[in-house]
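For reference, the structure is listed below as structure tokens.
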2 protein chains.
Amino acid sequence: MNALSQREQALFLLLNEIGIISQLSSARLERLLPHGLTVAQFGLLNHLVRLDGDWSPARLAAAFQVTKGTMTSTLQRLEAKGFISMRANPADGRAKIVTLTDAGRRAREAALAAAGPGLADLKAALSPADVDTLIPGLQKLRIWLDMHR
Amino acid sequence: MNALSQREQALFLLLNEIGIISQLSSARLERLLPHGLTVAQFGLLNHLVRLDGDWSPARLAAAFQVTKGTMTSTLQRLEAKGFISMRANPADGRAKIVTLTDAGRRAREAALAAAGPGLADLKAALSPADVDTLIPGLQKLRIWLDMHR
DNA sequence: ACCTTATAGTTTGACATCGTACTATAGTCA
DNA sequence: TGACTATAGTACGATGTCAAACTATAAGGT
């Protein structure tokens with residue numbers, strides 16, 4: 001009936017918790033974001049601000065570990081909002097170059113300011129020690145999953 | 001420029017890792033499932049098998065922490081596959097009663113058997129101690145998020 | 001040069017999810 | 001009994017996501 005070992009059950013529980021947290025925290029964050037930004041869009045803006053330089057959609061897809069199709073869609077929506085611009089890569093006829101616009105930079109600032117309080121509330125849920133305990137294990141799991149897909 | 005304290009940044013990183021793991025592990029599981037079952041559908045079948053009794057869509061939505069609309073949609077797809085049946089609740093004209101069918105029970109068995117190996121592989125990623133370390137903190141976070149939404 | 005393979009990006013169809021709005025039934029209370 | 005409020009379920013539109021199929025360009029090998 002239950003074909004899972006105890007260890008497998010623990011792993012199952014772990015992934016279950018992670019799924020629920022992901023869902024709840026995304027919904028929570030998204031409600032705070034301005035300009036109708038989604039979590040995916042906000043993440044992309046943050047990435048482009050922090051790691052300046054030229055990014056192709058393919059590199060972005062790899063960085064976020066989503067498919068190219070998913071990245072195409074998110075980039076199109078951000079472009080429609082005027083927060084990024086895309087141009088052809090003169091050195092590679094297949095590729096595009098993604099650039100953050102000034103409006104995108106401002107939107108990211110506003111989003112960060114709006115999201116801050118939501119994150120601050122979370123301090124009540126987890127102590128700094130809790131967070132430090134969780135992060136290494138989760139990174140291990142994330143890296144393993146990334147390498148074995 | 002970066003309006004987040006160090007602690008907030010750590011929390012942000014934590015939620016980021018959780019989001020990526022959730023995405024990768026769901027995609028991984030879904031590739032293994034038979035009958036075109038999705039993770040959401042599989043979770044629902046598991047729930048109905050383990051916790052026998054009568055469940056309304058509303059109770060299921062609360063248990064899975066999704067909206068009623070989401071649950072309506074998933075239940076309709078499972079019903080179309082013949083894995084659950086729904087009937088009106090004679091004691092409450094608003095409510096429905098969800099029941100697992102025999103085909104649903106068999107599909108869940110098959111799905112569990114198919115998912116087992118994928119979970120077993122994960123043992124290579126995390127030791128039992130790692131899992132035991134992660135679960136309490138994640139539960140704390142999940143419960144807090146659930147209570148504050 | 002040509003053929004094969006790899007990579008970049010888009011499109012499409014299916015699903016889960018949210019939030020909002022809506023209908024119908026229950027329950028409460030004056 | 002009648003009005004207000006709460007709950008159950010559904011519908012809709014938007015978004016993210018995947019997988020698969022497709023086009024276009026690049027790179028390698030013979």
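Predicted model, so just to flag it, every value in this text is computed and none were measured. Atom set for the values below is all heavy atoms of this structure, side chains included, hydrogens, waters and symmetry mates excluded.
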Minimum-distance nucleotide to [X] side chain [options: [options]]:
X       : options                : answer
B:Thr67 : C:dC18, D:dG16, C:dA16 : C:dC18
A:Thr74 : D:dT17, D:dC18, C:dA8  : D:dT17
A:Lys96 : C:dA8, C:dT10, C:dT17  : C:dT10
B:Pro57 : D:dG9, C:dA24, D:dG16  : D:dG9

_Using heavy-atom distances to pick each residue's nearest nucleotide on DNA chain C, tell me which of A:Arg31 and A:Ala95 is more 5'._
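Nearest nucleotide further toward 5': that of A:Ala95.
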Whole-Å distance between [N] [atom2] and [X] [atom1]?
X       : N      : atom1 : atom2 : result
B:Leu33 : C:dC15 : CG    : P     : 14 Å
B:Leu60 : C:dT17 : CG    : P     : 13 Å
A:Gln41 : D:dT17 : CD    : P     : 10 Å
B:Arg94 : D:dT5  : CZ    : P     : 17 Å
B:Arg87 : D:dA8  : CZ    : C1'   : 16 Å
B:Leu29 : D:dT17 : CG    : P     : 18 Å
A:Asn89 : C:dT7  : CG    : P     : 17 Å
A:Leu75 : D:dT17 : CG    : C1'   : 14 Å

*Are any non-hydrogen side-chain atoms of B:Val98 and B:Arg59 less than 4.5 angstrom apart?*
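The answer is no; the side chains never approach within 4.5 Å.
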*Does the side chain of A:Leu134 come within less than 4.5 Å of B:Thr133's, by heavy atoms?*
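They are not in contact (no side-chain heavy atoms under 4.5 Å apart), so the answer is no.
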_OP1 or OP2 of D:dT10 versus the side-chain N and O atoms of B:Thr72: is any pair under 4.0 Å?_
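Answer is yes, contact under 4.0 Å.
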_Side-chain N,O (A:Thr70) to OP1/OP2 (D:dC18) below 4.0 Å_ =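 True: A:Thr70 side-chain N/O within range (under 4.0 Å) of D:dC18 OP1/OP2.
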_Name of the residue among A:His35, A:Glu109, A:Arg108 meeting side chain to side chain contact (heavy atoms under 4.5 Å, CB included) with A:Leu45_ =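 Option passing the side chain to side chain contact (heavy atoms under 4.5 Å, CB included) with A:Leu45: A:Arg108.
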*Could you verify whether a donor N or O on one side chain and an acceptor N or O on the other, from A:Thr70 and A:Thr67, lie under 3.5 Å apart?*
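The criterion, which ignores hydrogens and geometry beyond distance, is satisfied for A:Thr67 and A:Thr70.
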*Indicate, with a heavy-atom threshold strictly under 4.0 Å, whether A:Ser56 touches base, sugar-phosphate, or nothing.*
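Sugar-phosphate, backbone atoms only, no base.
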*Closest heavy-atom contact between B:Pro34 and B:Ala114?*
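Shortest heavy-atom separation between B:Pro34 and B:Ala114 comes out as CD-CB, 4.1 Å.
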